[in-house]
2 protein chains.
Amino acid sequence: MASWLHVADDSDFSLRNLPYGVFSTADSGPRIGVAIGEYALDLRVLAQEHVFDDLDFSVATLEEATLNAYAELGRSVHGKVRRKLQQLLEESTQLGDVLRDNQERRTKCLVPLDSVSMHLPVVVGDYTDFFIGIHHANNCADFLKPGSDITGLIPGFWDTPTAYHGRSSSVIVSGTPVRRPKGQYREYGKAVSTLCQKLDFEVEFAAIIGQGNQMGDAIDVDRAEDHIFGFVMLNDWSARDFQKNEPSAPFSCKNFATSISPWIVPFEALEPFRIPPTEAGKEVNSAYEIPIRATLESNSERYQVAECNTKFVVFSFAQMIAHHTRGGCPLRPGDILATGTMSGPTRQELGCFLEHSQPYEMVASGSNGGKIIRTFLEDGDVVEFTAHIQPKDGVGNVGFGLLSGQVLPGN
Amino acid sequence: MASWLHVADDSDFSLRNLPYGVFSTADSGPRIGVAIGEYALDLRVLAQEHVFDDLDFSVATLEEATLNAYAELGRSVHGKVRRKLQQLLEESTQLGDVLRDNQERRTKCLVPLDSVSMHLPVVVGDYTDFFIGIHHANNCADFLKPGSDITGLIPGFWDTPTAYHGRSSSVIVSGTPVRRPKGQYREYGKAVSTLCQKLDFEVEFAAIIGQGNQMGDAIDVDRAEDHIFGFVMLNDWSARDFQKNEPSAPFSCKNFATSISPWIVPFEALEPFRIPPTEAGKEVNSAYEIPIRATLESNSERYQVAECNTKFVVFSFAQMIAHHTRGGCPLRPGDILATGTMSGPTRQELGCFLEHSQPYEMVASGSNGGKIIRTFLEDGDVVEFTAHIQPKDGVGNVGFGLLSGQVLPGN
C-alpha cells in the first residue's frame with residue numbers, strides 16, 4: 001500500500017503503521033496526529049474540518065491535547081479512523097479532493113516532523129512494570145536473590161506475570177533528559193548517601209490501554225486484547241546501587257525517570273507480526289517478534305549496545321491484563337503495562353548493563369571501528385532505542401520512531 | 001473558638017478543623033466544601049458569590065469538582081481561606097452580614113451532612129504506601145521473611161522510609177464497598193486460583209500533597225512540610241494469601257482496593273498535636289499523636305477491633321517526602337503518601353489481623369457483652385475507622401469523620 005505522499009521504503013511511518021502521537025509546533029500547542037513518512041498529520045484540523053463526521057463517533061476526542069479519550073473509544077472506532085486515513089493517503093485515493101488535492105488543507109495538516117515537539121501522548125493514570133523476560137529473569141536472579149539462577153526465581157514466576165506498580169509522575173517522553181539521581185545504599189554495614197554510581201537502562205516494550213474496566217470486574221484473558229490501544233518502547237532507567245537496598249519493592253531505584261517513545265503504534269498495525277510465545281502457554285501467536293535496538297552515543301559517536309526482541313517473554317499482553325485485573329483492579333485509558341527487559345540469550349542481546357558479567361565493550365556504528373567500554377552509564381551518554389519490522393509481503397515498515405534520553409550530571 | 005452554628009462538643013468538625021472535601025447532593029453535582037458541625041459549607045457558592053475576592057488568590061480553584069488545583073496553591077493561600085472561614089463562622093463574627101445574617105446564602109451553602117454524598121476529594125496521580133510503623137514491622141517480619149524478627153528487617157529499614165508504589169486507580173472514597181478479590185497463591189508446590197481466603201484491613205494515616213516539585217528537584221527535609229495539604233485516614237485492604245505469592249513487590253495483594261476518608265484535615269489543624277517521633281530522629285515534634293480506632297460491624301453489631309496511633313512510626317512525613325523526591329521523583333497535588341499500618345505494642349492496638357498470632361476475639365461496643373472471633377474478614381463485614389483529638393486547651397475537636405467499607409462476596 002503506497003501513499004501519494006513520498007514515504008521512503010525504510011521509513012518507520014508507512015501507510016501500514018499510522019501511529020498516534022501528541023505534537024506541538026512553534027505556532028500551535030499540543031494536538032493529536034499520526035505519523036506518515038516525514039510528516040505529522042494533524043488530526044485536530046481534520047476533525048474540526050468535519051473529515052471524520054461520516055464515521056459516527058465522538059470526533060471531539062481528536063481535538064483534545066491527549067489521546068486518553070480517543071483511546072477509550074475502542075477498537076471498532078479506531079479501525080474506522082484508520083481505514084479512513086488510509087483511504088485519504090493511499091496513492092489510488094478516491095478521496096483526493098479531501099486532502100491530496102486540497103492545497104490549503106494539506107498545508108495546514110501535514111506538518112514536517114523535523115518542526116514538531118513531541119509530548120507525552122497520554123495522561124498516565126498508572127504505570128505497571130512486569131518482569132516476564134525469560135533471559136532477563138535468569139540473568140538477574142543472582143542480583144535479586146544471591147545464589148539463585150533461573151530455578152531460584154520466585155515460584156510464582158511461572159504461574160502469573162510478576163509485576164510491580166511504577167511511578168506515573170516520572171514517565172517522560174523521548175527527548176527529555178534524565179538527571180543522575182541521588183539516593184542511598186548500604187556499604188560495609190553503613191548507610192551511604194550518594195549520587196547513583198550504577199545507572200542503567202532497560203529495553204522494554206509496553207502496551208497503552210484503550211478501554212478500561214470497571215473496578216471489581218476482571219478482564220477475561222480471551223477479551224483482554226480488546227483493551228489495548230497500541231504499543232510503545234519504554235526505557236526503565238534504573239539505579240542498581242539503590243535497587244540492592246530496596247528488596248521489598250523497587251522504589252527510588254526506579255521512580256526518578258521512565259521514558260517512552262512518542263508514537264503509539266496501533267494494535268492493528270502489529271497483527272502481521274505475531275508469533276507463539278517463548279514458553280508454550282494458553283495462547284498461540286500471542287507474542288510479537290519485534291527487534292528493539294539500543295545504541296549509546298558518547299562524544300558524538302554512536303555505539304551498538306544490544307538487539308533485544310519482544311518475543312523473549314513467557315506471558316502475553318492478554319495474560320498480563322487478565323492477571324492485573326483478576327482481583328478487580330481497574331485499568332484506565334492511557335495506563336502503561338510494560339513487559340520488563342527483553343534480553344535475548346547472547347551477550348549482544350542483553351537489554352541492560354546489569355546482566356553483563358563484566359564491563360561491556362561496544363563497537364561504533366560508523367566505519368571507524370571505534371570502541372567504548374561501559375560498566376554503567378556515564379554523564380552525557382545518550383541512550384536510544386529504535387524498532388521496526390518489515391512485512392513479509394511487500395513494502396511498508398511499521399516502526400516506533402526514536403526513544404532517546406541523555407544522562408545529565410547529578411545535582 | 002465557638003461558632004454561631006451549633007457544633008456539638010464532641011463533633012469531629014469544630015471550628016478548629018474545617019476539613020476539605022468534595023460532596024454532591026440530589027440537586028447538584030460534586031463541589032468543594034468544608035465540614036462544620038453537622039453541615040458541609042459549600043465553598044463553590046461562596047467563591048461564586050465573591051466572598052473570597054479580597055484574599056487575592058485564584059478563587060476559581062474552589063469552583064472545581066476536585067481539590068487538586070486549590071491544594072496546589074500552597075500554605076499561605078490555605079491559611080488565608082481558613083482564617084476567612086473562621087471569621088465567617090465564629091460566634092463573635094464581624095462579618096455577620098456575609099453569612100450568619102444572610103438567610104438566602106445560608107440556605108444555599110450550609111448543606112446538612114446527612115443529605116450529601118462524598119466523593120474522592122482529589123484526583124490521585126500517584127499513591128505511595130510506606131512501611132514505617134515500628135510495631136507493625138516487627139510483627140510482620142516473620143510473614144515477610146520467615147525466621148525474622150525486628151532485627152531481621154531489611155537493613156535499609158532504619159536508614160530511609162521503606163516504600164512501594166501503590167495503584168492509583170483503585171483508591172476509593174469511604175462508603176464504597178470492596179469486593180473480595182480473586183487471585184492466586186501456591187500450596188503444596190502448586191498454583192491455586194482462588195477467591196481470597198485471607199482478606200485483611202490495615203489502619204493507616206496519609207498525607208495529601210499540595211504543592212508538588214519539578215522533576216529532578218529533590219525536596220529538602222526542612223521544607224518538606226510545606227508540600228502537605230492535609231491528612232486523611234487510609235485502609236490498605238490486603239489479600240494475605242496473594243501477598244505470600246508476591247515477594248518481589250505487593251501487587252494483586254493490594255491493588256484491588258484502597259479506601260480513604262472523605263474529609264482532608266488541613267495541615268494547620270494538626271499543629272497542636274505534634275510530638276517527638278517514637279525513634280529519635282533528626283526532627284523534634286515531627287510525629288502526630290492521633291488515636292485511630294477500628295471497629296468491625298457484623299450482623300448489625302459493632303465490635304471493637306483496635307486503637308492504633310499515628311505516633312508509632314520511625315520517620316516523619318517530612319522524611320517520607322524528602323526520601324521520595326531525593327532522586328528527583330516529582331510529587332504532584334493530590335498525591336497520597338501513607339504511613340503503613342500504625343499498630344501499637346499490645347494486642348488491642350494491632351492495626352491488621354495479620355499481626356495477631358491466633359484468631360482474634362473482639363468485644364461488642366454496645367452493652368450486651370457480645371463477642372465475635374475473626375482470623376480474617378468475612379463477607380458482609382463492615383470495617384470502620386474513626387479518629388479525633390481533643391485539644392488540651394478548651395473545646396473544639398479535630399476529627400477525620402468516618403472511613404467505612406463493606407466486604408462484598410467475590411464473583
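Just so we're on the same page: letters track the sequence lines, and every chain starts at 1.
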Chain B interface, residue from A:Ser168, A:Gly328, A:Gly212, A:Ser193 that has the most non-hydrogen pairs under 4.5 Å: A:Ser168
Side chain / backbone / both / neither for A:Ser170 at chain B, heavy atoms under 4.5 Å: both
Qualifying residue for side-chain contact (heavy atoms from CB on, under 4.5 Å) with B:Arg332, from B:Asn68, B:Ile209, B:Asp126: B:Asp126
Part of B:Ala163 lying under 4.5 Å from any heavy atom of chain A: both
Option in A:Arg180, A:Arg179, A:Gln184, A:His323 with maximal non-hydrogen atom pairs under 4.5 Å from chain B: A:Gln184
Winner by heavy-atom pair count (cut-off under 4.5 Å) against chain A, out of B:Gly166, B:Gly189, B:Gly156: B:Gly166
A:Lys244 atom NZ, neighbour heavy-atom count above 12 within 6.0 Å: yes
Heavy-atom check, side chain of A:Phe251 versus side chain of B:Thr162, under 4.5 Å: no
Which portion of B:Leu195 sits near chain A, non-hydrogen atoms under 4.5 angstrom: neither
Side chain / backbone / both / neither for A:Pro250 at chain B, heavy atoms under 4.5 Å: both
Which atoms of A:Asn411 approach chain B - backbone, side chain, both or neither, heavy atom under 4.5 Å: side chain
Side-chain H-bond candidate by donor/acceptor type, B:Thr160 with B:Arg326, under 3.5 Å: no
Proximity breakdown for A:Ala239 and chain B, heavy-atom pairs closer than 4.5 Å: neither
Max heavy-atom pair count under 4.5 Å with chain A, selected residue of B:Gly125, B:Gly216, B:Cys253, B:Ser248: B:Ser248
Contact class of A:Thr325 relative to chain B, heavy atoms under 4.5 angstrom: neither
4.5 Å side-chain heavy-atom contact, A:Ile228 and A:Leu337: no
When B:Cys329, B:Ala249, B:Pro181 are compared by non-hydrogen pairs under 4.5 Å with chain A, the top option: B:Cys329
Heavy-atom proximity to chain A below 4.5 Å, by part of B:Thr128: side chain
Expected output: side-chain B:Asn245 to main-chain B:Phe242 donor-acceptor under 3.5 Å: no
Step-by-step side chain to side chain contact (heavy atoms under 4.5 Å, CB included) determination, B:Tyr127 to A:His165: CA-CA 10 Å; B:Tyr127 154 49; A:His165 307 113; over 6 Å; no
Heavy-atom pair with the smallest gap, counting every atom of B:Ile219 and B:Ala224: CG2-CA, 3.6 Å
A:Leu408 versus chain B, the contacting section by heavy-atom distance below 4.5 Å: neither
Heavy-atom contact with chain B under 4.5 Å, split by part of A:Ala191: both
Minimum side-chain heavy-atom gap A:Val122-A:Val124 below 4.5 Å: yes
Heavy-atom pair count under 4.5 Å with chain B, highest-scoring of A:Arg167, A:Glu246, A:His324: A:Arg167
Most contacts with chain A, counted as non-hydrogen pairs under 4.5 angstrom, among B:Gly183, B:Cys196, B:Gly410, B:Ala218: B:Gly183
Side-chain H-bond candidate by donor/acceptor type, A:Ser238 with A:Lys254, under 3.5 Å: yes
Atom group of A:Arg186 that falls short of 4.5 Å from chain B, counting heavy atoms: side chain
Separation between SG of A:Cys352 and CG of A:Asn235, rounded to the nearest 0.5 Å: 10.5 Å
